[in-house]
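Here the structure comes first, spelled out in structure tokens, and everything after it is commentary.
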Amino acid sequence: MRIATFNINGIKARLPRLLEWLEETRPAVACLQEIKTQDEGFPAEEFEKIGYKAIWHGQKSFNGVAILADGVEPVETMRGLPSLSDDDEPDEQSRYLEAEVNGVRIANLYLPNGNPQPGPKFDYKLRWMKRLRMRMHDLWQCETPAIVLGDYNVIPESKDTYSVRAMADDALTQPASRDAYMRLLGDGWTDALDTLNPRGGVWTYWDYQRGAWQRDHGFRIDHCLLSPELADRLISAGVDKEYRGREKASDHAPVWVEISD
DNA sequence: ATGCCCTGCAATGCAGGA
């Protein structure tokens, strides 16, 4: 089965591109980020028409995540990340949605960007990563096949950006961001795309500005992390790069993994 | 040092993204 992630940057503006991609590549599961719409504005019927059932966690104007499954209803297991302690606020932003699809736990995330850094937005990013790690500990304990995928907003290593220098002050490359990401890998999760492309140079995002796409000035921030049960079944992983070059494209390209059934 | 480009919301600009 193919499981994909796609930061679509606005589901209303992207709907034709999104439907086109679903029909052309037909992933079993598609995790979407930045749907940028409230729950009632989600075009579920458009996906039903082409055979996908969806669950979603929306928010007005910003953020928002959704899980689409081919022919089956995703069974929701969590909406938003749990607090770290009793005096910790629940997350008010719609950035996490988790479901079971065909015996696989699917955790879809849109991690905070964190710019500018340092500052409150960067602090929020790091706190959010702490919450995520706690949730991934629980998923690990379940010993069920699990994939935690989405827009992590972290460039893990120098080999994952066209220019180390251009990104030096960005929240995406800060040691604290990278450390938090590396801790997830240290816990035993497998970065699918990195495992199959150890030399790097694979991008999932190209800025709209400065002709970044035309100059191939990209970086890798959309990741698929696999539990050991799924890592053993990993066949291939890739980026649907071509979709970044189409009319009215998102600034991200879809990323996918192929898992043996 | 800042804007570049794009989206949504609402309004002829703004916040937020990365």
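A, B, ... follow the sequence lines: proteins, then strands. Residue 1 opens every chain.
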Contact class for [X] (heavy atom, under 4.0 Å): base, sugar-phosphate, or nothing?
X	result
A:Asn63	nothing
A:Lys248	sugar-phosphate
A:Asp170	nothing
A:His217	nothing
A:Asp251	nothing
A:Tyr152	nothing
A:Asp222	nothing

Measure the distance from [atom1] on [X] to [atom2] on [N] and round it to the nearest whole Å.
X	N	atom1	atom2	result
A:Lys125	B:dG17	NZ	P	10 Å
A:Ile8	B:dG16	CD1	P	20 Å
A:Tyr208	B:dG8	OH	C1'	13 Å
A:Gln209	B:dC5	CD	P	7 Å
A:Tyr162	B:dA18	OH	P	15 Å
A:Gln33	B:dA18	CD	C1'	14 Å
A:Gln59	B:dC9	CD	C1'	14 Å
A:Asp169	B:dT2	CG	P	12 Å

If the [atom1] atom of [N] is compared with that of [M], how far apart are they to the nearest Å?
N	M	atom1	result
B:dA10	B:dC14	C1'	9 Å
B:dA1	B:dA11	P	34 Å
B:dT2	B:dT12	C1'	23 Å

Query raised in the report: Taking for each residue the nucleotide of DNA chain B with the nearest heavy atom, is it A:Gly114 or A:Thr37 whose nucleotide lies nearer the 5' end?
Result: A:Thr37

**Report entry** Heavy-atom side-chain proximity of A:Leu184 to A:Leu132 below 4.5 angstrom
**Finding:**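 Yes, close enough: below the 4.5 Å cut-off.
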
Query raised in the report: Is the closest side-chain donor-acceptor distance between A:Lys125 and A:Asn113 under 3.5 Å?
Result: no

With a 4.0 Å limit, can you tell me whether [X] has a side-chain N or O closer than that to the phosphate oxygens OP1/OP2 of [N]?
X	N	value
A:His252	B:dA18	yes
A:Lys36	B:dC6	no
A:Arg210	B:dC5	no
A:Asn7	B:dA18	yes
A:Tyr110	B:dA18	yes
A:Asn153	B:dA18	yes
A:Lys60	B:dA10	yes

Report summary line: Considering only heavy side-chain atoms of A:Glu34, the closest of B:dG17, B:dG8, B:dT7 is B:dG17

Query raised in the report: Which nucleotide in the list B:dC9, B:dT7, B:dA18 gets nearest to the side chain of A:Ala13?
Result: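 Between B:dC9, B:dT7, B:dA18, the one nearest the side chain of A:Ala13 would be B:dT7.
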
Query - Residues, nucleotides or ligands: over 12 heavy atoms within 6.0 Å of A:Asp123 CG - result: yes

Query raised in the report: Within 45 degrees of the axis of the six-membered ring of A:Tyr124 and under 6.0 Å from its centre: does A:Arg127 put its NZ or CZ there?
Result: no

Query raised in the report: Going by an N to O cut-off under 4.0 Å, is there a salt bridge joining A:Arg246 and A:Glu242?
Result: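 Yes.
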
Query raised in the report: Do A:Arg17 side-chain atoms and A:Arg244 backbone N/O form a donor-acceptor pair below 3.5 Å?
Result: no

Query raised in the report: Using 30° and 60° as the class limits, which term best fits the ring planes of A:Tyr152 and A:Tyr181: parallel, tilted or perpendicular?
Result: perpendicular

